[in-house]
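Naming convention: chains lettered A, B, ... in sequence-line order (proteins, then strands); numbering from 1 in each chain.
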Amino acid sequence: MSSTGEDMYGLVERLYPLCRSITGDGVRATLDIVGEYLPLDVHEVPTGTQVLDWTVPQEWNIRDAYVADTTGRRVVDFAASNLHVLGYSVPVSATMPLAELRAHLHTLPEQPTLVPYRTSYYAPTWGFCLSQETLDALPDGEYEVRIDSTLADGHLTYAEHVVPGQVAEEVIVSCHVCHPSLANDNLAGIAVATFLARELAERTPWYTYRFLFAPGTIGAITWLARNRVERVRHGLVLACAGDPGQLTYKRSRRGDADIDRVLQHVLTASERPHRVVEFTPYGYDERQFCSPGFDLGVGSLTRTPYAGYPEYHTSADNLDFVSPEAMADTLAVCREACAVLDRNRRYLNLSPYGEPQLGRRGLYGSLGGRSDAKDAQLAMLWVLNLSDGEHSLLDVAERSGLPFASVAAAADALDEAGLIKAGSP
Amino acid sequence: MSSTGEDMYGLVERLYPLCRSITGDGVRATLDIVGEYLPLDVHEVPTGTQVLDWTVPQEWNIRDAYVADTTGRRVVDFAASNLHVLGYSVPVSATMPLAELRAHLHTLPEQPTLVPYRTSYYAPTWGFCLSQETLDALPDGEYEVRIDSTLADGHLTYAEHVVPGQVAEEVIVSCHVCHPSLANDNLAGIAVATFLARELAERTPWYTYRFLFAPGTIGAITWLARNRVERVRHGLVLACAGDPGQLTYKRSRRGDADIDRVLQHVLTASERPHRVVEFTPYGYDERQFCSPGFDLGVGSLTRTPYAGYPEYHTSADNLDFVSPEAMADTLAVCREACAVLDRNRRYLNLSPYGEPQLGRRGLYGSLGGRSDAKDAQLAMLWVLNLSDGEHSLLDVAERSGLPFASVAAAADALDEAGLIKAGSP
Amino acid sequence: MSSTGEDMYGLVERLYPLCRSITGDGVRATLDIVGEYLPLDVHEVPTGTQVLDWTVPQEWNIRDAYVADTTGRRVVDFAASNLHVLGYSVPVSATMPLAELRAHLHTLPEQPTLVPYRTSYYAPTWGFCLSQETLDALPDGEYEVRIDSTLADGHLTYAEHVVPGQVAEEVIVSCHVCHPSLANDNLAGIAVATFLARELAERTPWYTYRFLFAPGTIGAITWLARNRVERVRHGLVLACAGDPGQLTYKRSRRGDADIDRVLQHVLTASERPHRVVEFTPYGYDERQFCSPGFDLGVGSLTRTPYAGYPEYHTSADNLDFVSPEAMADTLAVCREACAVLDRNRRYLNLSPYGEPQLGRRGLYGSLGGRSDAKDAQLAMLWVLNLSDGEHSLLDVAERSGLPFASVAAAADALDEAGLIKAGSP
């Protein structure tokens with residue numbers, strides 16, 4: 001696990017410098033690197049394509065941007081950090097006094113040493129982001145401003161990776177790839193998704209797992225517009241997967257979808273400190289998957305959630321803010337959740353009148369009178385008792401308070417003994 | 001508000017001296033005064049009329065009543081307070097020793113300075129109510145007792161005032177008008193109902209509001225016997241509306257009727273100290289509206305509830321016990337509750353697949369990346385997310401934790417933008 | 001009650017010395033003694049009979065058993081306590097060194113002065129149970145071991161006692177009769193069941209009550225295999241009925257069966273300290289009655305539950321561990337629960353529109369205005385309000401918070417007055 005944590009951190013380090021946005025070469029470069037870890041199907045959707053209520057926008061690319069003083073010294077420089085440019089800035093090349101420039105400068109007065117992350121995707125404008133301290137130190141006078149960007153017809157880029165399962169029904173795991181140098185939001189999410197996909201491919205899971213690497217909002221909307229969602233049974237949006245905070249699961253709109261119960265069970269059973277919060281139509285792409293027309297069973301797993309930490313959308317969400325250990329921990333929970341999802345099944349007790357005689361089948365301790373019934377035997381009794389076709393193994397785990405793995409092992413033993421028969425998931 | 005509070009207090013002061021009962025001229029005089037504030041339809045129902053399981057009783061009127069000692073001094077005098085006579089006392093004119101009289105004297109031994117309020121509507125008898133101190137001070141000896149009352153065929157009197165709405169479905173607001181000089185129970189309730197009706201008439205509400213001023217129990221039963229209740233959608237019984245205690249809402253028999261959820265929401269959102277209590281088949285006329293044959297969505301709003309304060313049904317429930325401020329506060333909650341009832345609607349999201357692009361409709365802040373999403377935008381996202389035809393605006397307010405007014409404003413904006421369509425209430 | 005407690009304790013004392021097992025003469029002798037208190041139908045089911053998934057085993061009987069040292073002194077002796085022999089031990093007659101004998105000796109190292117209770121019903125072996133202290137004091141050397149037992153084709157024995165009711169639908173009360181000298185588990189349960197049956201027979205209860213005295217697991221399975229369970233409406237498994245701990249009710253698998261609600265109500269209303277715990281498929285014969293094919297409304301009443309006390313399945317579960325008072329208390333709760341079960345009924349309010357006029361029927365205090373409405377009147381109002389055909393008297397008691405007895409008395413009064421009509425239980 002430590003090794004995987006380091007590997008994920010290495011991927012985050014490689015992705016960190018790239019200037020991503022909702023379209024453009026930064027996304028492509030990101031997917032190229034992820035593609036070294038995981039074969040990707042990359043989709044390019046032309047500008048102007050109608051996607052649900054939206055239209056794919058023009059593609060944005062940027063080469064350089066700066067504010068320079070009269071000596072030519074760059075006082076704000078895109079080359080130092082891609083956060084310095086307002087995302088989707090239109091090109092500009094001008095000289096203007098500081099007083100006029102101020103309307104285009106974004107700072108965080110209450111966090112004066114940090115550079116904010118800002119965008120303007122759908123209202124054409126330009127701007128720079130800088131620390132309040134830098135702004136305060138700027139003398140009045142003339143400044144040269146230059147943004148060497150292009151906004152032109154092109155494409156929106158997203159990628160998929162599919163791990164084929166034993167059935168065609170799908171679990172979708174989604175992460176956004178549109179944020180520039182922000183490590184927790186969402187390079188850590190990309191890294192965890194990538195390594196989860198690699199692990200799942202080592203076996204043939206029950207469900208088919210579809211991993212989606214797409215820009216936030218417009219990417220999810222584009223995917224939803226171009227795909228049949230009927231096959232999606234469960235889903236998870238991964239974000240903020242590497243910060244030091246405790247894990248937070250946000251329920252789907254349905255509130256009691258299987259994915260909600262699985263994450264609740266896994267987090268509780270693991271005895272990790274964690275929070276489970278109710279759905280809100282705000283946050284990441286669960287907003288789109290859980291819109292009322294789709295209403296998919298898709299929740300969101302983060303560590304500290306959306307906008308819940310002071311480093312959020314600032315230059316402090318950097319490589320120091322995320323750790324191999326935190327990402328490994330997030331991955332472990334994802335791994336356990338997938339294991340439960342894949343193993344969850346309804347069974348039918350084939351001997352439902354009274355208890356079957358477990359002893360003669362070697363499934364029961366032969367020495368009676370002792371009060372320390374083993375968990376394994378208790379799990380078998382619970383599976384037998386609730387296998388009426390109405391209850392899944394997750395139901396059994398929830399009602400019995402036993403770990404899902406014990407319940408699943410009991411079901412395996414009973415199945416092998418011919419006492420229960422597997423039904424639907 | 002202060003002015004309305006004073007106006008309501010003024011009405012209470014005018015009504016206080018009248019000797020009301022379940023029938024008779026006291027009720028008529030009361031309705032005459034209320035009629036100066038609000039046009040009333042006054043109904044007179046003859047003695048002997050069958051109303052559900054009951055019969056309209058004989059009409060009771062009283063001119064004078066007293067207990068006098070041998071010197072002719074009135075030691076108990078109806079002219080001093082109408083509480084001194086047991087309600088519905090049959091006429092009497094006799095002289096008897098104190099020992100014999102005692103069986104007809106009602107006191108409150110544990111509240112020795114107060115005069116109780118007592119009635120005997122359905123078992124013919126006579127009696128006087130007085131303070132324990134007064135009784136204790138009476139020397140033995142002969143007393144003249146006289147009650148100059150009549151019990152004769154006549155009428156039961158009640159009144160209605162209707163505020164026409166945009167739809168024929170009704171909200172019924174009911175208050176009892178049968179108690180003599182008791183300010184909180186129920187002159188304050190009469191005053192709040194009167195001024196609520198005046199306010200509602202200033203606009204055309206969605207629902208038609210029917211105000212009922214009727215004697216307790218037999219009045220509500222008479223109304224229910226003579227009217228079609230199918231049009232009643234919601235209702236509120238107002239009582240004890242002016243005491244200094246916190247507001248108490250008592251749920252309808254259904255427990256989760258719209259009126260129950262509206263009052264719960266309004267009281268909680270207002271951050272007033274308050275209590276919401278479960279239905280019991282005891283109290284005021286919610287007993288009749290919530291009888292199993294009708295089972296209407298009618299709750300009861302009081303300040304300190306039925307029998308919950310030491311002044312209850314005593315001479316201490318006087319003009320000092322109620323205040324303009326308390327009545328204004330009760331009225332404010334009624335006003336807010338009517339606003340929510342009237343505005344509550346189900347909507348259908350016309351763009352339910354993914355989020356519609358609010359930005360291009362001017363409904364969304366254009367500068368992305370900021371974490372301080374405004375409540376207004378959050379309210380829009382919630383309305384869109386839950387407008388699947390199953391959820392009302394009240395559902396949205398409850399689930400989102402946003403104030404109903406914010407949710408309703410968001411619905412207005414989305415409706416205007418053509419993104420949602422109003423459905424049924 | 002004290003007298004009945006002493007009588008139950010007397011029965012326990014008589015049963016205590018017998019060596020019971022799941023078959024054999026110890027069970028027969030036990031049923032003979034119970035039969036002196038209660039006429040029993042004794043059933044003998046031959047070895048080899050198929051009963052559900054099980055087969056009736058060979059019958060076990062034992063005459064003597066001991067471990068003796070080389071001087072002939074019995075260091076472990078069945079004659080001193082029948083717990084000293086592993087239940088269902090095959091016969092043995094041998095001499096062996098202590099080192100070899102140890103594999104057949106069972107102790108409780110953490111309770112070194114106590115003798116454990118152990119059995120091996122379905123794996124043929126032999127053994128002795130003794131205290132750790134006794135074992136520790138045994139010098140190395142040769143020992144004579146002898147178990148004079150027989151395992152041979154014979155019968156499984158169980159008994160029934162039926163108290164005929166007004167209807168054929170049954171309540172089953174079950175207790176296990178297979179444990180040797182263990183007073184709480186389950187001689188106290190046998191005693192409480194016996195005296196409950198005697199009490200019920202003094203009147204004709206509504207339900208037919210069937211008492212089952214049968215060996216654990218195989219006895220219940222045999223009964224279930226041989227009988228029609230369709231007539232069983234409710235049931236209670238009695239065990240551990242005499243220890244000093246508080247009462248514990250374990251719900252049926254259904255969780256909200258009538259029996260569950262009745263016991264919850266009776267225990268709560270009685271203000272006894274008690275616990276109500278959820279069903280688990282472990283414990284006593286509720287495991288069989290609540291297997292998914294039967295899924296009967298059968299819960300389990302104990303004092304300290306299964307395996308929940310240190311004396312459990314040890315020689316400390318002796319005549320000092322149970323008391324007349326505890327058994328009388330358990331019996332009282334059973335008596336109250338049967339009374340509620342038998343009296344629970346749905347009624348239909350024949351005057352459901354508004355309240356009926358109770359006063360003219362003599363059911364209502366005539367003097368109005370007083371706030372101390374009696375419980376009896378409140379109970380009548382609750383019964384009227386909820387008698388819509390959907391709610392039972394138990395529903396009324398639960399919702400009103402009134403004692404079931406008050407609610408039932410109110411129903412009687414209203415029924416007599418022709419205001420309600422009895423419907424289904």
Side-chain angles (χ1 to χ4, degrees), chain A residues 346-393 395-403 406-407 410-411 413-414 417-423, chain C residues 21-22 51-55 57 83 86-88 106 108 116-125 127 129 178-180 182 185 216-225 229 253 255 278-283 285-295 305-310 312-314:
Chain A
R346 282 187 174 79
Y347 283 88
L348 200 62
N349 182 340
L350 300 174
S351 184
Y353 294 97
E355 288 173 13
Q357 196 184 357
L358 297 177
R360 79 164 189 267
R361 296 171 175 95
L363 297 175
Y364 208 73
S366 60
L367 196 66
R370 296 171 50 171
S371 60
D372 56 341
K374 294 191 195 73
D375 263 18
Q377 290 183 12
L378 203 47
M380 276 188 272
L381 293 173
W382 271 111
V383 171
L384 286 167
N385 193 270
L386 292 179
S387 288
D388 53 6
E390 299 293 312
H391 296 93
S392 68
L393 295 185
D395 290 321
V396 177
E398 287 180 349
R399 184 156 172 189
S400 69
L402 294 168
S406 303
V407 170
L414 294 166
L419 286 169
I420 61 175
K421 188 177 71 174
Chain C
S21 186
I22 55 173
V51 284
L52 303 178
D53 186 62
W54 301 59
T55 307
L83 294 181
L86 178 76
Y88 254 62
H106 304 280
L108 293 167
Y117 164 55
R118 293 284 182 273
T119 63
S120 183
Y121 296 134
Y122 300 102
T125 185
C129 301
C178 52
H179 283 28
L182 297 170
D185 181 13
T217 306
I218 186 70
I221 283 170
T222 300
W223 186 87
L224 284 163
V229 301
R253 178 181 188 268
E278 295 304 314
F279 176 76
T280 63
Y282 209 72
D285 282 333
E286 66 276 11
R287 293 162 68 163
Q288 310 309 327
F289 297 114
C290 295
S291 57
F294 295 115
D295 197 22
Y306 186 89
Y309 45 96
Y312 176 79
H313 279 194
T314 76

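Taking 4.5 Å as the limit, every side-chain heavy atom of C/Asp53 sits out of range of all side-chain heavy atoms of A/Tyr353.
In this structure, the separation between CG on A/Asn385 and CZ on C/Arg287 is 10.0 Å, given to the nearest 0.5 Å. Between the CD1 atom in C/Ile218 and the CD atom in A/Gln357 there is a gap of 7.0 Å [rounded to 0.5 Å].
Proximity to chain C (any heavy atom under 4.5 Å) is shown, for A/Leu386, by both the backbone and the side chain. Only the side chain of C/Leu52 has a heavy atom closer than 4.5 Å to any heavy atom of chain A. In this structure, no portion of C/Tyr88 lies under 4.5 Å from any heavy atom of chain A.
Counting all heavy atoms, side chain and backbone alike, A/Glu355 lies closest to C/Trp54 at O-NE1, 2.6 Å. Across every non-hydrogen atom of C/Pro281 and A/Leu381, the tightest pair is O-CD1, 3.4 Å.
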